[in-house]
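Quick notes on the structure that follows.
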Amino acid sequence: MTMSAAWYLRRLSRMGPREVGGRAGDALRRRRWRSERPECPAVTGARFTAVLPAGAIAAVPPDAAKRLVAEADRLMEGHAEFFGVDRHDLVDPDWWCDPRTGRRAPWGYAFDVPYRDEDAVGDIKQIWEPSRHQYLTVLAAAYAVTGDERYAERVAGHLRLWWTANPPLRGVHWISGIELGIRLVSWVWIRRLLDGWPGAADLFEENPVARNQIWHHQRWLAAFPSRGSSANNHVVAEAAGQFAAACAFGWFPSSARWRADALRSLERHLRANTFPSGLNRELATEYHGLVLELGLAALAEADAAGVPVPSTVRLVLLRMTDALAAVVDNRLRPPRQGDADDGYGLVVDGAGTDRWGSLLATGGAVFGRLAWWPRVPGTDVRTPLLAALVRPYGKAGSVPAVTRPASRPGHFADAGLTVLRGPGEIWCRCDGGPHGFLSIAAHAHADALSLEVRHDGVDVLADPGTYCYHGQPEWRRYFRSTLGHNTLELDGEDQSLSGGPFLWTRHARSRVLAADTSGGSGVARWSAEHDGYRSATHRRRVELTAVTRQLRVVDEVRGDGRREVRLAFHLGPAIAVELVENRAELTWTRDGEDRSAVLELPGQLRWRAHRGESEPPLGWYSPGFGRKEPATTLVGTGFADGAREFTTVLGFHG
């Protein structure tokens, strides 16, 4: 996907003067660096001291260690799965090849590589992901728990190959700061987990090639930070990686400056990326997880190195953890909101380890769990390792005294996110928040007033997800669209105006009118409206009644003239449906038990079921980045003349 001149003008329009000046400076620096060949400063007596405390590995639960070793053995055989593509080449990987398209990224000066052009480069996510080296952290963790040197030797062999094949500023892996930042976090943990291996020092601190790579990664991050309208999760990853490396690999003359600058950036952007309530401002749940993981990893390096951090860093991470505990359903699944690209900050676990359970387990170990938190039945490798490094909450100087929620919050006013809960593990997320973060809202979807409904963790009314970022514009548009969410579309238009795959030029403004999640009268209520449509307002009211186990949704269109209406309800992939006129019988199975519900749809609209359609896309669910599967979408079409209400009732049986 190449960017047109019109796109650059639209992108420029979303920047302020300071950002424009900063980017102009970046462009000049890139031109100068093309001919510069700086050498890594000479280092003598480099040592790695940020080791795990005694007993940390022994604290890894046996079942988590078993999953880890099984995953490591699969990797040793060359097998892995990235974004829905099974790979069998990880014994001797090609770092520049995209297995999905078969294309190889071109060689040359990094900033000349047209990474957005899939025809020239391939799927950039498929190329970048293995070079985050998180599969190597898994192998290193397997060495740490077993002492089997096969894992360590494979890690060392792959790192040496990668460092040789990807010299500084050459090729596709030197383009994006988030990739460099996450790679540095991986290298720190690889060195830590290999500490008992006799070859660890020779691989890292005594290896001039490794030192050169670490130094150039940090020099790059110091020179080209994400800025202005792009200062989202990317800048957190850059700062976390820079800080982690400057703490653990503090061998260079610039290390102290890099560490101080990165810590200032990390503190500033953790605050900027997080609402006071603790939810991530991108309103894209997976980025909440990514930022929290990166923040905890950076905090671990600070405490391991004895570097003081501002109390606000711990406070933001504490609030993010409490917010996550508040919004998950009874199966520990958080909302499927906004973009999701399966990005992780630190991976040391095997397949089958629940990401969100792991984060809550770590939060409980570091900050202490509250009485209303959900139980976390699973176990993981990462929690005892991070907890061994991070100073526990409440220790002297760890964080100022704060008031944490006494009961489970259901409404996050600053984020506009509301969760209604009912009997039988009914969970309903209502979206009345900002369109996204910063002027481009890069990871937002046109989903104002959308709903997401689950029953015992099963998607009944589902957020379809993300599926892709680059190279498939028609699918990118669909999964971000208003029609691609459980909300109402007018006149065939999205509520917000897209200017590109990560750019919104007009943002719908939503406001919550009422939110009562207590259910004290047996009814939990929410209502909100948005102004995304010209000369019309969409208002939605939702009521969840405990006794009847009914969810009532009333959509109101306020405005003059005759408007074409499309109202969509996306069913989860496990839901079978029988649609007769405006009545849909829903059935599914959970843990061997048959479940059912009835969806009474507005009779003023003509209803049709769509499933797995491609021209144009409609009726799909993306369980993860790069993967999609057919699912049923019910679409009602009709008209609204002036003020008009459309009522939908979802009733659960049993």
Side-chain angles (χ1 to χ4, degrees), residues 15-23 25-26 29 50 176-185 187-188 214-276 278 280-282 287-288 290-321 345-346 366 386 389-391 397-400 402 437-438:
M15 301 181 194
R18 185 173 180 179
E19 181 179 356
V20 171
R23 290 180 180 270
D26 290 345
R29 193 173 298 110
S176 173
I178 188 174
E179 303 305 315
L180 277 75
I182 290 176
R183 196 153 52 236
L184 282 175
V185 172
W187 291 353
V188 169
I214 293 167
W215 184 81
H216 273 284
H217 271 66
Q218 294 186 84
R219 175 177 179 260
W220 193 109
L221 290 171
F224 300 111
S226 294
R227 59 178 81 246
S229 56
S230 294
N232 54 12
N233 65 87
H234 282 236
V235 76
V236 174
E238 293 159 7
Q242 177 82 300
F243 180 71
C247 286
F249 302 141
W251 309 323
F252 310 106
S254 298
S255 291
R257 174 172 56 83
W258 287 338
R259 184 167 56 243
D261 290 349
L263 181 56
R264 279 193 293 271
S265 177
L266 182 67
E267 190 275 337
R268 173 189 171 196
H269 290 292
L270 276 176
R271 284 190 292 106
N273 275 255
T274 309
F275 285 110
N280 183 266
R281 286 186 184 270
E282 292 197 75
Y287 289 111
H288 183 107
L290 175 65
V291 169
L292 181 53
E293 287 169 351
L294 290 165
L296 289 169
L299 185 59
E301 299 310 324
D303 287 354
V307 176
V309 299
S311 60
T312 49
V313 170
R314 297 179 197 271
L315 183 57
V316 168
L317 298 176
L318 167 64
R319 287 176 171 162
M320 290 184 73
T321 306
L346 173 64
V366 172
L386 282 172
L389 296 172
V390 177
R391 189 166 65 247
S398 64
V399 71
V402 295
F437 182 47
L438 302 173

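Keep in mind that what you see is a predicted model, and the values were worked out from it rather than measured.
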Above 12 or not: heavy atoms from other molecules or residues under 6.0 Å from CZ of Arg23? yes

CA sep, side-chain torsions, deciding dist, call: Phe437, Tyr287, side chain to side chain contact (heavy atoms under 4.5 Å, CB included): CA-CA 12 Å; Phe437 182 47; Tyr287 289 111; over 6 Å; no

Nearest heavy-atom pair of Leu296 and Val390: which atoms, and what distance? O-CG2, 4.3 Å

Out of curiosity, Glu238 CD to His217 NE2, how far, rounded to the nearest 0.5 Å? 12.0 Å

Are the side chain of Arg391 and the backbone N or O of Asp303 linked by a donor-acceptor pair below 3.5 Å? no

Please tabulate, for the side chains in residues 240-254, all donor-acceptor contacts under 3.5 angstrom to protein atoms that are two or more places apart in sequence or on a different chain.
from	atom 1	to	atom 2	distance (Å)
Gln242	NE2	Gln218	O	3.1
Trp251	NE1	Arg47	O	2.9
Ser254	OG	Arg257	NH2	3.3

As a test of understanding, state which of Leu386, Val309, Leu266, Val307 forms a side chain to side chain contact (heavy atoms under 4.5 Å, CB included) with Leu299. Val309

Is any side-chain heavy atom of Pro310 less than 4.5 Å from a side-chain heavy atom of Leu263? yes

Closest heavy-atom contact between Ser229 and Leu438? O-CD1, 3.6 Å

Euclidean distance, Leu184 CG relative to Glu301 CD, rounded to 0.5 Å: 11.0 Å

Ser230 side chain vs Ser226 backbone, donor-acceptor pair below 3.5 Å: no

Ignoring hydrogens, what is the shortest heavy-atom contact between Arg281 and Ala272? Give both atom names and the distance. CD-O, 2.9 Å

Value rounded to 0.5 Å, distance of CD1 in Ile214 from CZ in Arg183: 12.0 Å

For Arg18 and Gly228, indicate whether the former's side chain and the latter's backbone hold a donor-acceptor pair under 3.5 Å. no

Side-chain donor or acceptor of Thr274 paired with backbone N/O of Leu270 under 3.5 Å: yes

Are any non-hydrogen side-chain atoms of Trp215 and Trp258 less than 4.5 angstrom apart? yes

Determine, step by step, whether Arg227 and Asp26 satisfy the side chain to side chain contact (heavy atoms under 4.5 Å, CB included) criterion, reporting the C-alpha distance in whole Å, the side-chain angles of both residues, the deciding distance to 0.1 Å, and the verdict. CA-CA 10 Å; Arg227 59 178 81 246; Asp26 290 345; 3.1 Å; yes

Closest non-hydrogen atoms of Val235 and Ser265, given as atom of the first, atom of the second and distance, are CG2-OG, 4.2 Å

Rounded to the nearest 0.5 Å, what's the gap from CH2 on Trp187 to CG on Leu180? Could you check? 7.5 Å

Separation between OG1 of Thr312 and CZ of Arg268, rounded to the nearest 0.5 Å: 13.0 Å

Between CG on residue Leu294 and CD1 on residue Ile178, distance to nearest 0.5 Å: 7.5 Å

Indicate the atoms forming the closest heavy-atom contact of Ile182 with Ala237, along with that distance. CG1-CB, 4.3 Å

